[in-house]
Enquirer: 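Here you go, one structure.
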Amino acid sequence: MADRGLFITFEGIEGSGKTSQIRRLGERLLRLGQRVVVTREPGGCPIADDIRRILLHPDSSALVPRAELLLYAAARAQHVEEVIRPGLAGGAIVLCDRFTDATLAYQGGGRGLDRTLITELNTLATSGILPDLTLLLDLPAADGLLRAHARNEALALHEEGRFEAEHLDFHCRVRQGYLDLALATPRFAVIDATGTRATVEAQIDHVVAQRFGLRVRP
Ligand code: TMP
């Protein structure tokens with residue numbers, strides 16, 4: 001980690017458990033004495049958080065796929081400049097809940113938009129910053145949706161349900177989009193997210209130790 005930190009992204013369908021796993025990995029890395037930035041997309045800074053509200057609110061059902069794609073790209077461009085690039089330049093381990101691969105899986109796999117175009121937009125939005133490791137938390141779409149609906153009820157997240165309201169078919173295409181990306185992209189590691197929180201955590205720690213020599217487990 002001489003002149004740049006590490007960039008690790010978490011991906012997966014709704015209800016895959018990314019958000020709690022990213023927070024817990026952040027805590028373990030902090031205990032190792034690492035500098036850690038935990039962030040998310042869409043969001044992570046005030047302007048991108050405003051765009052997140054438009055993107056995820058159930059009232060935005062009139063949003064057409066191309067406008068949706070451009071809003072994700074706009075939020076990302078702002079987030080990269082305000083949070084990710086400075087974090088990496090300062091030598092931190094930046095943990096990001098979703099990044100460019102989500103746009104390929106959701107707007108490409110889910111909505112059917114052209115993946116070459118999405119890749120070009122991703123490059124524009126990130127100015128070429130790529131993750132060092134992408135952890136794909138994988139589970140069947142129906143299981144993930146059940147978990148996501150239960151979480152949204154429990155946390156009263158009624159303002160963020162636009163994607164959870166999509167049909168199962170949509171989520172199956174997103175999952176397949178992620179699995180295709182993982183097969184084609186060496187920086188991916190696929191984590192079986194069907195088990196308990198502890199078994200998922202152990203798999204993540206194993207990959208982080210293997211790839212970067214960071215012994216997160218005591
Ligand atoms: P999350 O914070 O619960 O993961 O919600 C973000 C939602 O936005 C989720 O349904 C996936 C979706 N999304 C996209 O469709 N494209 C993207 O590029 C990103 C980052 C997220």
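This structure is a prediction, so every number in the text was calculated from the model and none was measured. When a ligand or atom number is given, it counts from 1 through the structure's own listing order.
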Enquirer: Using a 4.0 Å heavy-atom cut-off, which part of L56 comes near ligand 1: side chain, backbone, both, or neither?
Expert: side chain

Enquirer: Could you point out which residue of L95, V83, D49 forms a side-chain contact (heavy atoms from CB on, under 4.5 Å) with R40?
Expert: D49

Enquirer: Test side-chain hydrogen bond (donor to acceptor under 3.5 Å, both in side chains) on Y72 and Q107; report intermediate values, then the result.
Expert: CA-CA 10 Å; Y72 277 110; Q107 280 64 53; 4.8 Å; no

Enquirer: Specify the protein heavy atom at minimum distance from atom 18 (O) of ligand 1: its residue, its atom name, and the distance to 0.1 Å.
Expert: T103 OG1, 2.6 Å

Enquirer: Looking only at heavy atoms, which two atoms of A105 and G177 are closest? And how far apart?
Expert: CB-C, 4.5 Å

Enquirer: Report the part of Q107 in contact with ligand 1, treating N, CA, C, O as backbone and CB onward as side chain, heavy atoms under 4.0 Å; options are side chain, backbone, both, neither.
Expert: side chain

Enquirer: For F10 and F99, I'd like to know if the aromatic rings sit close, meaning centre-to-centre distance below 6.0 Å.
Expert: no

Enquirer: Among protein heavy atoms, which lies nearest atom 4 (O) of ligand 1, and at what distance?
Expert: R98 NE, 2.5 Å

Enquirer: For K18, counting its heavy atoms only, list the atoms of ligand 1 lying under 4.0 Å from any of them.
Expert: 4 (O)

Enquirer: Between R187 and T134, is there a side-chain donor-acceptor contact under 3.5 Å, judged purely by atom types and distance?
Expert: yes

Enquirer: Please state which part of R52 comes within less than 4.0 Å of ligand 1, counting heavy atoms only: side chain, backbone, both or neither.
Expert: side chain

Enquirer: Can you check salt bridge (charged side-chain N to carboxylate O under 4.0 Å, His left out) on E41 and R52, steps first, answer last?
Expert: CA-CA 8 Å; E41 290 207 347; R52 179 184 176 95; over 6 Å; no

Enquirer: Donor-acceptor pair, distance only, cut-off 3.5 Å: does the side chain of R76 make one with the backbone of A125?
Expert: no

Enquirer: Within the 4.0 Å heavy-atom shell around E41, which atoms of ligand 1 are there?
Expert: 20 (C)

Enquirer: Side chain, backbone, both or neither: which part of E14 has a heavy atom under 4.0 Å from ligand 1?
Expert: side chain

Enquirer: Which option out of Y106, Y72, F99, F163 puts a heavy atom nearest to atom 21 (C) of ligand 1?
Expert: Y72

Enquirer: Consider side chain to side chain donor-acceptor pair (under 3.5 Å). Of E68, H171, R98, E166, which one does Y106 pass it with?
Expert: R98

Enquirer: Does only the side chain of R76 get under 4.0 Å from ligand 1, or the backbone, or both, or neither? Count heavy atoms.
Expert: side chain

Enquirer: For ligand 1, is any non-hydrogen atom under 4.0 Å from E164's backbone (N, CA, C, O), its side chain (CB onward), both, or neither?
Expert: neither

